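Here's the structure we're looking at; comments come further down.
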Amino acid sequence: MREFKNPQNMGRIDDADGVGTVGNPVCGDMLRLFIKVKDDKIVDIKVETFGCVAAIATSSMTTQMAMGMTIEEAKTITRKMVADALDGLPPHKMHCSNLAAEALQKAIEDYESKTQGEKKAEKRP
Amino acid sequence: MREFKNPQNMGRIDDADGVGTVGNPVCGDMLRLFIKVKDDKIVDIKVETFGCVAAIATSSMTTQMAMGMTIEEAKTITRKMVADALDGLPPHKMHCSNLAAEALQKAIEDYESKTQGEKKAEKRP
Amino acid sequence: MAFLDNASSTRVDERVIEAMLPYFRESYGTAGMELGHSRDVAAMKGLENARKVIAESINADPLTIVFTSGQTESNNLAIQGAALANKDHGKHIITSSIEVMSVLQACKALEKDGFELDILDVDENGLVDVGQLKKKIRKDTILVSIQHANGEIGTVQPIEEIARMTSARGVIFHTDATQSYLKIPVDIQAVPINLMTMDAHVIHGPKGIGALFVRKGTRVERIMEGGDEERRLRPGVQNIPGAVGFAEAVKIWGKDESDNLLSLRHYVEQKMSTTLEDYRVTGHPVKRLPNLFSMVVEQIEGESMLVELDMDGYAISTGSACSSKTLQGSHVLKAIGLRPEIAHGSVRVSLSRFNTKEQIDGFVEALVPIVNRLRQFSPLKRGEYFMAKSEAKHEEQESSSDDDQSLG
Amino acid sequence: MAFLDNASSTRVDERVIEAMLPYFRESYGTAGMELGHSRDVAAMKGLENARKVIAESINADPLTIVFTSGQTESNNLAIQGAALANKDHGKHIITSSIEVMSVLQACKALEKDGFELDILDVDENGLVDVGQLKKKIRKDTILVSIQHANGEIGTVQPIEEIARMTSARGVIFHTDATQSYLKIPVDIQAVPINLMTMDAHVIHGPKGIGALFVRKGTRVERIMEGGDEERRLRPGVQNIPGAVGFAEAVKIWGKDESDNLLSLRHYVEQKMSTTLEDYRVTGHPVKRLPNLFSMVVEQIEGESMLVELDMDGYAISTGSACSSKTLQGSHVLKAIGLRPEIAHGSVRVSLSRFNTKEQIDGFVEALVPIVNRLRQFSPLKRGEYFMAKSEAKHEEQESSSDDDQSLG
Ligand SMILES: Cc1ncc(COP(=O)(O)O)c(C=O)c1O
Ligand SMILES: Cc1ncc(COP(=O)(O)O)c(C=O)c1O
C-alpha cells in the first residue's frame with residue numbers, strides 16, 4: 001500500500017536511452033518504462049502506468065530496485081524478486097506484478113540495440 | 001381458547017340413554033358423547049375426547065349448546081353453528097370441529113333407536 | 001417462561017447479537033472484491049474469520065466451508081449438488097426413513113430425474129443398521145445421506161462407521177449434523193465424511209445462516225446460479241452479520257456445555273420416571289443427543305398437552321398429527337413403529353444453556369395434572385405402545401390411500 | 001468516512017436493528033405450526049406482519065410474497081422455477097445482456113437443460129428496445145426476464161410496457177427490482193408483472209433476506225426441497241428476524257426519500273461537471289435510478305481511484321476488470337459499447353439517506369487531485385470513448401479466446 005500511495009519514479013524521460021512498453025489497455029494494464037544510462041549504470045528511470053494498484057506498486061518497486069544498478073545487475077531483476085519485495089499479492093494479481101519487470105527488460109533491450117548500433121558506428125572509422 | 005382451557009361436560013355418563021362414538025384414534029381424533037334424556041329433553045350430557053385442541057373445544061361448545069334442548073332442537077345443531085360460535089378456526093382444523101356435532105347426532109340416533117324399542121314395548125300389551 | 005423447545009430453534013445469545021451489531025452498523029460492505037474499499041475489506045475479514053472459526057470447530061480447512069442460508073439449503077446443495085455432479089458415475093442414492101424433509105424430499109425429487117433411491121428402515125430405537133446399508137450399496141451408488149442425530153427422538157447414528165465404509169467404496173457420504181453440531185464433536189480429519197450440514201439457529205446463533213462442509217475433491221454442482229461467491233458453490237451477497245453471529249455462537253459454546261445438557265436431561269428423565277405414569281421414552285436409550293428427551297404419553301394427544309403447557313409457561317413440541325398443517329403425524333415416530341394413536345401422544349423436551357433444574361421441576365409439576373385431566377376424559381384405555389413392524393407397514397399403506405377427511 | 005457505495009449494500013438503519021432484536025431475544029420460535037406455543041405464535045405473527053408490509057409496498061396480496069435468502073435466490077427461484085414449471089408450454093426464454101449474474105447465469109444454465117435463450121442487446125444508454133423484444137417473442141416463449149433498474153449504470157427499463165406486452169401474449173414476465181424497489185414504486189395491480197425480485201440489504205435492511213412476488217396463477221416450481229414453508233415454494237425455517245427487519249426497512253422508507261436522493265444525485269452531477277475534466281456519465285440521462293451516478297474517467301483505471309479514494313475516506317465502486325477476481329470487466333459497460341480501456345475508468349457513486357452535500361463536496365474535492373496525479377503518469381492519451389458496436393463485438397470474440405495471461 002505504501003508503494004501505491006507514494007509511488008516513486010512515475011512519469012516519463014523525454015531523452016531516454018531505452019524505452020520498454022508492455023501490456024495493452026484493452027486487456028487491462030499498460031506500462032511504459034524509460035531508462036537513462038551513463039557508464040553502463042542506470043542513472044535515471046521513470047515509468048508511466050495505466051492499471052491497477054498492483055501494477056502501480058510494482059512499477060514503483062521495480063524502478064527503485066533498478067536505479068543505480070549496472071545494466072547486467074538490472075537484467076537479474078525478475079518478477080519473483082518484485083513480488084517478494086511487495087510480499088503477499090493476491091494470486092490473481094500476480095500477473096500485474098510481472099509487467100514492470102518485463103518493461104524493464106524491454107527497455108534494456110532497447111538500450112542495448114541502440115548502443116550496439118553506436119558501438120558499431122564507433123568501430124567504423 | 002377459553003373453551004379449551006375450561007372445557008365443560010367432559011367425562012362419561014354410565015347410565016346414558018344415548019351414546020355416539022365418532023372418529024378413530026388411528027387417524028387422529030376420537031370422541032364418545034353421552035346423553036341423558038328426560039321428557040324429550042337433554043338433561044345431562046358428557047363427552048370423552050381424544051384429540052387436538054379444536055376437538056376438545058368443540059366438544060365443550062357442542063355439549064353446552066345441546067344441554068337443556070329438546071331432541072328435535074338438538075338435531076339442528078350443525079358443524080357450522082359450532083364453528084361459528086368458536087369463530088375463526090384455522091381451515092385445516094375445520095374437520096375436528098365436525099366431530100362433536102356428529103357424535104351428538106349419533107347419540108341422538110342411539111337414543112331414538114332405544115326408545116322406539118321401548119315405545120313399541122309399551123304399545124304391546 | 002421456560003423454553004424447552006431448543007431443537008426447533010434457540011434464543012440468540014447476547015454475545016452473538018453483540019458480535020453482529022458492528023456488521024449492521026459499520027462493516028456493512030460486501031465481500032466481493034479483493035481490493036475493495038475499507039468497509040468491504042472489513043466485511044470480508046469478518047466473513048473469513050467466521051469461516052475459520054466454523055472450520056476449526058470440525059478440524060477442517062476454511063476453504064472447505066461454504067456458507068448457506070441454513071439447514072434446508074445445505075441439505076439441498078449437498079444432495080442435489082452431489083447427485084448432479086456425479087451422475088456420470090451412477091444413479092443410486094441411499095438415505096434413511098427418519099431424515100428431515102429437506103433430505104428426504106431432495107432425494108425423492110431426484111427419483112423424478114432418473115436417480116434410484118433406497119430408503120433404509122430404522123429399528124425401534126431409530127438406529128440405522130450399518131450391515132443393511134452395506135448390503136444396499138451397489139456399483140452405481142454415488143451418495144449416502146444419513147443424519148448425525150435425529151431432531152425428534154435424538155438418536156445418534158454411527159456416522160464414523162458409515163463414513164469409513166462408504167469411503168472405502170468410493171461413495172460420497174453426506175450427513176446432516178444440524179442437531180448434533182458442537183453437542184457431539186466431529187473431527188473431519190479423522191472421519192471421512194464428504195459433506196456435512198450445519199446450522200446456526202439451534203446453537204444460539206441467528207436464523208438464516210448455515211454452512212456446508214465440502215471435502216476437497218468431493219464434486220458438487222451449485223444449485224443456484226450467479227457470481228463467484230463461496231468458491232462458486234453458493235453465489236450471491238453473503239449474509240455476513242449472520243456468518244459472524246454463527247461463528248460467535250461457535251466460539252462461546254462451552255467446553256462443559258454438552259455435559260451440562262446431559263446432566264439436565266438425566267434430571268428430566270429421573271423426575272419424569274418418579275412422577276408420570278404410562279409414558280415411554282422414544283429414541284435410543286444411550287446413543288442420544290445430550291439435550292433431547294422425547295416420549296409418548298398414553299391415551300392423550302400432544303397438541304392438547306402443548307397448548308395447556310404453554311398456558312402454564314412451558315414451551316415444548318410434539319410430533320402429533322394434530323400439530324401439523326397437513327395433519328400428517330411425524331414420519332419419524334411412524335418409522336420407529338409407534339401405533340398412530342400412540343404417536344399422537346408425543347412430547348419433545350429439548351434443552352439449552354438457558355434451562356435450569358427449577359424449570360424442569362416446574363415443568364413436570366405442570367405436566368402431571370394436565371395429563372391426568374386429559375386422561376380423565378379420554379375415550380382411550382391404557383393400551384399397547386407398539387405394533388409389530390408388519391402391522392405398521394400395513395397401516396401406512398392404508399393411511400396413504402385415505403384422504404384428508406379421515407385424518408385429524 | 002463517506003459511504004458512496006449504497007448500490008452494493010447499505011448501513012442497516014438503527015430502527016431496523018431495534019425491530020429485529022425482540023426476534024433474537026424473545027420471539028425466537030419458528031413459524032411452522034398453526035397452534036404452537038407462544039414463542040412460535042409470536043414468531044409467526046412477526047413473519048406474517050412482515051409479509052403484509054412487503055405486500056402493501058407493491059399493492060399486492062400477502063399470499064403472493066415468498067421470503068427468500070435474497071436477490072440471488074429470488075432470481076433463481078423465479079427463473080429456474082418458472083422455466084421448469086412451464087416447460088410443457090415451451091422452451092424459449094428471453095433476457096437482456098445487462099442483467100445481474102444470477103439472472104444471466106440461471107438463464108444460461110437452462111440452455112444446458114434444453115431451453116433456448118435469446119439475450120437482448122441494449123443501446124448505449126443501457127435501454128432494452130421493446131420493439132426488438134416483441135419481435136423475439138415466439139409461440140414457445142415462456143419467460144421474459146428484464147431487470148427494473150441496472151445496479152451499475154442505473155438505467156430504468158420500461159417494465160410497464162414490457163409487462164403489458166408479455167401479458168397480452170401469455171408469457172411470464174420476471175423483473176429483478178432489487179435496485180429500484182421503493183426508489184421507483186411499482187403497483188402490482190396496475191402492472192401485470194408475474195414475478196418480481198426484492199432484497200432488503202440495499203434499502204437499509206439486513207443481508208440474508210429477500211422476497212419474490214409470485215402472482216396468483218403464475219406457475220413456479222420450488223428449487224429447494226423440504227417442508228411446506230412459504231406455500232411450499234421455499235421450504236426451511238424462515239429467517240424471521242430478517243423478515244421483520246426487511247419490513248421495518250420498508251416501513252421507514254420516507255415519502256420524500258426518492259426525491260431527496262435525486263436532488264443529491266443532481267448535486268453530484270453539477271459538482272462533477274464544474275470540477276472534473278474528461279469523463280462521461282454512463283446510463284440513461286433521465287431514466288435512471290435516483291440514487292445512482294456512474295461515469296467513466298478517461299486515461300485512468302478504476303481500482304486505483306477506488307483505493308486512493310478509500311484512503312481519503314470515500315467508498316465508491318468500479319466496474320474495472322482489475323477490481324474483480326476473474327479480471328473480467330463489467331459486462332454492463334461492455335454491453336453499452338464502451339471500449340475496454342474506457343470501461344477500466346469506471347466509477348460508481350450510489351447514494352443513501354445517510355449521505356450529505358458536504359460529503360459530496362469532500363468527495364469531488366478528493367477525486368480531482370487523484371485523477372490528475374494518476375493521469376500524469378498514464379501512458380494513455382486523451383482518446384475516444386466509444387467504439388462502434390461492430391467493433392465491440394469483434395473485441396469480445398477476441399478477448400474470449402484470450403487466456404488469463406493477457407488480462408489485467
Ligand atoms: C447490490 C448487489 N447485490 C447483489 C449482487 C450480486 O447479485 P447476483 O449474485 O444476483 O448477481 C450485486 C452485484 O452486482 C449487487 O450489486
Ligand atoms: C431445528 C429444525 N430446523 C429445521 C427444520 C426443518 O428443516 P427442513 O426444512 O430441512 O426439513 C426442522 C424440522 O424438524 C427443525 O426441527
Side-chain angles (χ1 to χ4, degrees), chain C residues 1 3 5 8-12 16-17 21 24-25 28-30 32-40 69-73 75-76 100-102 105-106 108-109 201 206-209 223-228 235-242 303 306-307 309-310 315-317 323-326, chain D residues 1 3 5 8-12 16-17 21 24-25 28-30 32-40 69-73 75-76 100-102 105-106 108-109 201 206-209 223-228 235-242 303 306-307 309-310 315-317 323-326:
Chain C
M1 172 91 187
F3 189 75
D5 189 17
S8 290
S9 201
T10 52
R11 183 168 127 199
V12 179
V16 169
I17 298 175
L21 290 177
F24 292 138
R25 289 182 175 140
Y28 48 80
T30 58
M33 291 183 290
E34 280 277 314
L35 260 172
H37 50 66
S38 314
R39 293 227 194 278
D40 279 357
S69 64
Q71 176 185 25
T72 293
E73 189 184 329
N75 284 342
N76 275 274
V100 293
M101 281 303 138
S102 49
Q105 298 297 337
K108 284 181 185 171
H201 80 97
K207 294 179 176 66
I209 185 82
I223 58 174
M224 287 198 260
E225 295 296 328
D228 295 329
V237 169
Q238 287 101 334
N239 178 355
I240 297 168
E303 190 195 73
L306 184 150
V307 171
L309 282 165
D310 184 58
I316 54 99
S317 86
S323 172
S324 74
K325 264 193 186 167
T326 52
Chain D
M1 174 88 187
F3 189 74
D5 189 17
S8 291
S9 201
T10 51
R11 183 167 127 199
V12 179
V16 169
I17 297 176
L21 289 177
F24 291 138
R25 288 181 176 143
Y28 48 80
T30 58
M33 291 184 290
E34 279 279 312
L35 260 173
H37 51 65
S38 315
R39 294 226 194 278
D40 279 357
S69 65
Q71 175 185 25
T72 292
E73 189 184 330
N75 283 342
N76 275 273
V100 293
M101 281 303 138
S102 50
Q105 297 297 337
K108 284 180 185 170
H201 80 97
K207 293 180 175 66
I209 186 81
I223 59 175
M224 287 197 258
E225 294 296 328
D228 295 329
V237 169
Q238 288 101 333
N239 179 356
I240 297 169
E303 190 194 72
L306 184 150
V307 172
L309 282 165
D310 184 59
I316 54 99
S317 87
S323 172
S324 75
K325 264 191 185 170
T326 52

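In what follows, every heavy atom counts, from backbone to side chain, and hydrogens, waters and symmetry copies are set aside. Numbered from 1 within each chain, the chains take letters A, B, ... in sequence-line order. Since this is a predicted model, take the numbers as computed values, not measurements.
Annotation: maximal heavy-atom pairing with chain C below 4.5 Å, among G70(D), A106(D), G242(D), P206(D), occurs at A106(D). Put simply, of L309(D), T10(D), L21(D), the one with the most heavy-atom pairs under 4.5 Å next to chain C is T10(D). Highest contact tally toward chain D, considering only N239(C), V16(C), N76(C), is held by N76(C) [criterion: heavy-atom pairs under 4.5 Å].
Here the closest non-hydrogen pair linking T72(C) and G236(D) is OG1-CA, 3.0 Å. Shortest non-hydrogen contact noted between S9(D) and T30(C) is CB-CG2, 3.8 Å. The minimum heavy-atom distance between E73(C) and S69(D), with the atom names listed, is OE1-OG, 4.4 Å. Minimum interatomic distance between I223(D) and M224(C) (heavy atoms only, all atoms of both residues): CD1-CG, 4.2 Å.
In this structure the side chain of K207(D) reaches within 4.5 angstrom of the side chain of P241(C), judged on heavy atoms.
Qualifying side-chain contact (heavy atoms from CB on, under 4.5 Å) partners for R39(D), counting only residues two or more places apart in sequence or in other chains: M1(C), F3(C), E26(D), Y28(D), H37(D).
Of the atoms belonging to I17(C), it is side-chain heavy atoms, and not backbone ones, that fall under 4.5 Å from chain D. Heavy-atom distances place the side chain of A109(C), and not its backbone, under 4.5 Å from chain D.
The CG atom of D40(D) lies 6.5 Å from the OG atom of S8(C); values are rounded to the nearest 0.5 Å.
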